[in-house]
Every structure is written in C-alpha cells, then in structure tokens.
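The structure under discussion appears below in the form of structure tokens.
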Amino acid sequence: MSTLESLGPVMLHLECGVDLSTIPPSLGIDHSRPVLVIVGGASKLSDADLQRVQSLFTQALAPLAQDLDLVVIDGGTDAGVMRLMGQARRAIGCTFPLVGVIPAGLAELPNTAPPCDDAAEIELNHSHCLLVPGCAWGDESAWIADLASVIATAHPSVTVLINGGEVSWKDVAESVRVQRPTLIIAGSGRAADVLAAALRGEAVNDDRAAPLLASGLLQSIELHEDPAVLAATLRGMLTTKE
C-alpha cells in the first residue's frame, strides 16, 4: 500500500491481500462511523436522468452526510452520480470524507495520460481515492462493500442506488453479500427502475432481481418525492442500531 501525491484527493494505491483494517488510519479516517455508499449511473447516465437526480445530492445526500458526520464511499470517477456527489460536497462546503474506489488499471490520474481507452478521470472534489487491483469496471465493487463494513464496524451503513447499469447490479449484489440495506431510487432509470418494479411485485425481465429481493435488504423510494423525504428515510436507517 503506497500513498500517491495528487492535486486533488489523498490517494492510496492498494495491493491484493491488503488488510482492510489498515486503510482508515492511513486515510486519516476514524473507524466506527456510519457509512453511506452511493452506486449507480456513471458515463451512461443520460443528461435528462442527471438533471432529474441532481437535487438529491445537493438537498439530501450531501447535507445529511455533513450533519451525521458520515463517511461516503462511491466509485470515484468524474462521471454520473460520483461527479454529482463530489460537486455537491464542494458546492455546499462540506467536510465529510468522500472516498472514491477505482480499479488502478482504469484510473486516469491528474496530469497523466489515460492508461487505456476505457479509463476515466478521478473526481477531484473527493477527499480520498483508493486505487484497487483491477483493470475492468466492477473490479472495485467488492472493495467498496468491504471497506464500508470496515469503517462502519458497529455503526449502521446503507447503500443508495440511483439509476445504474451493469456494474450497479454487481454493486447491489456485493451490498447484499455483506448484509447492507440498499435503498433504491425508483424513477431514476435503468437498474434502479428494474429493481423498484420488482419490489412492487411487477414481472421484470432480469433474473438478477429475484435473489437480491429475496435478501429482504432492498427497499425503494420514489424520485418524485421531496428530497427531504429521502433525507429523513436515510437518517432513520443510519441512526438506528440493530
């Protein structure tokens, strides 16, 4: 595990087999804090979908994270929901840790050439960035899920799915693996809408939905609800110990 110099987030480059319990101290993040995991649409989040979900970040997610002193973890790239999270953190002057987790083989670092055609720039409003082993999108999913568990310890943690494509299905599956509740934003598009429909008992043409629903860890909230409703729902989930 090595620290990299950067103009933006504090960056750590992790190797296979690293003891995850050593990461929070290396980042200067206290153990045992509630954690919010944000997953969903990245580069394929349409402009229309982006505009519809933007208020969730500035009016609900970022203010709540600041108020509850959460650690927020996402995929860390400068696209989609991760860009919105970083921009909201900056726009309202938040100080909560925002940790991006990116496969090292796909991370385009500041002032460096892209390592491959599928690479993505990191989102520079994040406070921290972890470069984890991997060269395919989705390689970061298990790292995100496990890191959230390590930081939360006995505190609650919640995953929020907004929109999302193929990788988001893996992200939700990893949250289920570690027994993390997942809140689906119904009406935000793509994977989120498929899972929300399945939660409503509708027939969906995706075999991945059934085992996720069977976990009992998924619930949904409508995008058209006032952002305050999302904030209140998450507050209840993140302040109630099991």
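Worth knowing before you read on, the calculation uses all heavy atoms, side chains too, and leaves out hydrogens, waters and symmetry mates.
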Just how far is it from atom [atom1] of [X] to atom [atom2] of [Y], taken to the nearest 0.5 Å?
X	Y	atom1	atom2	answer
Leu68	Phe96	CG	CZ	11.0 Å
Asn125	Leu84	CG	CG	11.5 Å
Gln66	Arg89	CD	CZ	8.0 Å
Leu230	Gln59	CG	CD	10.5 Å
Asp139	Leu106	CG	CG	7.5 Å
Glu123	Met85	CD	CE	10.0 Å

Looking at every heavy atom in both [X] and [Y], which two are closest together, and how far apart are they?
X	Y	result
Ser149	Arg180	OG-NH2, 2.8 Å
Leu109	Thr112	O-OG1, 2.6 Å
Ala186	Ala196	CB-CB, 3.5 Å
Gly76	Ile102	O-CD1, 3.6 Å
Gly40	Ser168	CA-OG, 3.3 Å
Ile122	Pro9	CD1-CD, 4.0 Å

Please enumerate all residues that pass salt bridge (charged side-chain N to carboxylate O under 4.0 Å, His left out) together with Glu121, with sequence neighbours excluded.
none
Between [X] and [Y], is there shared hydrophobic-cluster membership here, with clusters defined by ILVMFWY side-chain heavy atoms closer than 4.5 Å?
X	Y	value
Val178	Ile184	no
Ile73	Val18	yes
Ile221	Leu223	yes
Val204	Leu217	yes
Ile92	Val81	no

Salt-bridge present (Arg200, Asp193; N to O < 4.0 Å):
no
Got a salt bridge between Glu166 and Arg208, using NZ or NE/NH1/NH2 to carboxylate O under 4.0 Å?
yes
Backbone N or O of [Y] within a donor-acceptor pair of the [X] side chain at under 3.5 Å?
X	Y	value
Asp67	Pro63	no
Arg83	Asp78	yes
His128	Leu27	yes
Ser127	Leu98	yes
Glu222	Glu225	no
Ser215	Leu212	yes
His155	Ser32	yes
Ser157	Val35	no
Glu140	Trp137	no

Do [X] and [Y] have side chains that approach each other closer than 4.5 Å (heavy atoms only, starting at C-beta)?
X	Y	answer
Pro34	Leu36	no
Gln219	Pro181	no
Ile29	Val71	yes
Trp143	Pro103	no
Val150	Ile23	no
Arg235	Leu64	yes
Val160	Val37	no

When you look at Leu218 and Leu183, which way does the side-chain contact (heavy atoms from CB on, under 4.5 Å) test go after all the steps?
CA-CA 6 Å; Leu218 273 59; Leu183 185 61; over 6 Å; no
Kindly write out the residues that satisfy side chain to side chain contact (heavy atoms under 4.5 Å, CB included) with Asp69, not counting sequence neighbours, or none if the list is empty.
Arg33
Test log, rule side chain to side chain donor-acceptor pair (under 3.5 Å), inputs Asp171 and Ser141
CA-CA 5 Å; Asp171 290 329; Ser141 298; 2.6 Å; yes
Could you point out which residue of Leu161, Asp206, Thr182 forms a side chain to side chain contact (heavy atoms under 4.5 Å, CB included) with Leu195?
Leu161
Full working for side chain to side chain donor-acceptor pair (under 3.5 Å) between Asn163 and Arg190
CA-CA 5 Å; Asn163 191 272; Arg190 301 199 296 160; 2.8 Å; yes
Val132 and Glu15: CA distance, side-chain angles, deciding distance, side-chain contact (heavy atoms from CB on, under 4.5 Å) verdict
CA-CA 7 Å; Val132 300; Glu15 299 177 354; over 6 Å; no
Could you give me the CA-CA distance, side-chain angles and deciding distance for Arg177 and Asp146, then say whether salt bridge (Lys or Arg N to Asp or Glu O under 4.0 Å) is met?
CA-CA 10 Å; Arg177 173 180 65 82; Asp146 291 336; 2.9 Å; yes
Report the C-alpha separation of Met11 and Leu131 in whole Å, then their side-chain angles, then the decisive distance to 0.1 Å, and conclude whether the side-chain contact (heavy atoms from CB on, under 4.5 Å) test is met.
CA-CA 7 Å; Met11 301 184 68; Leu131 302 179; 4.0 Å; yes
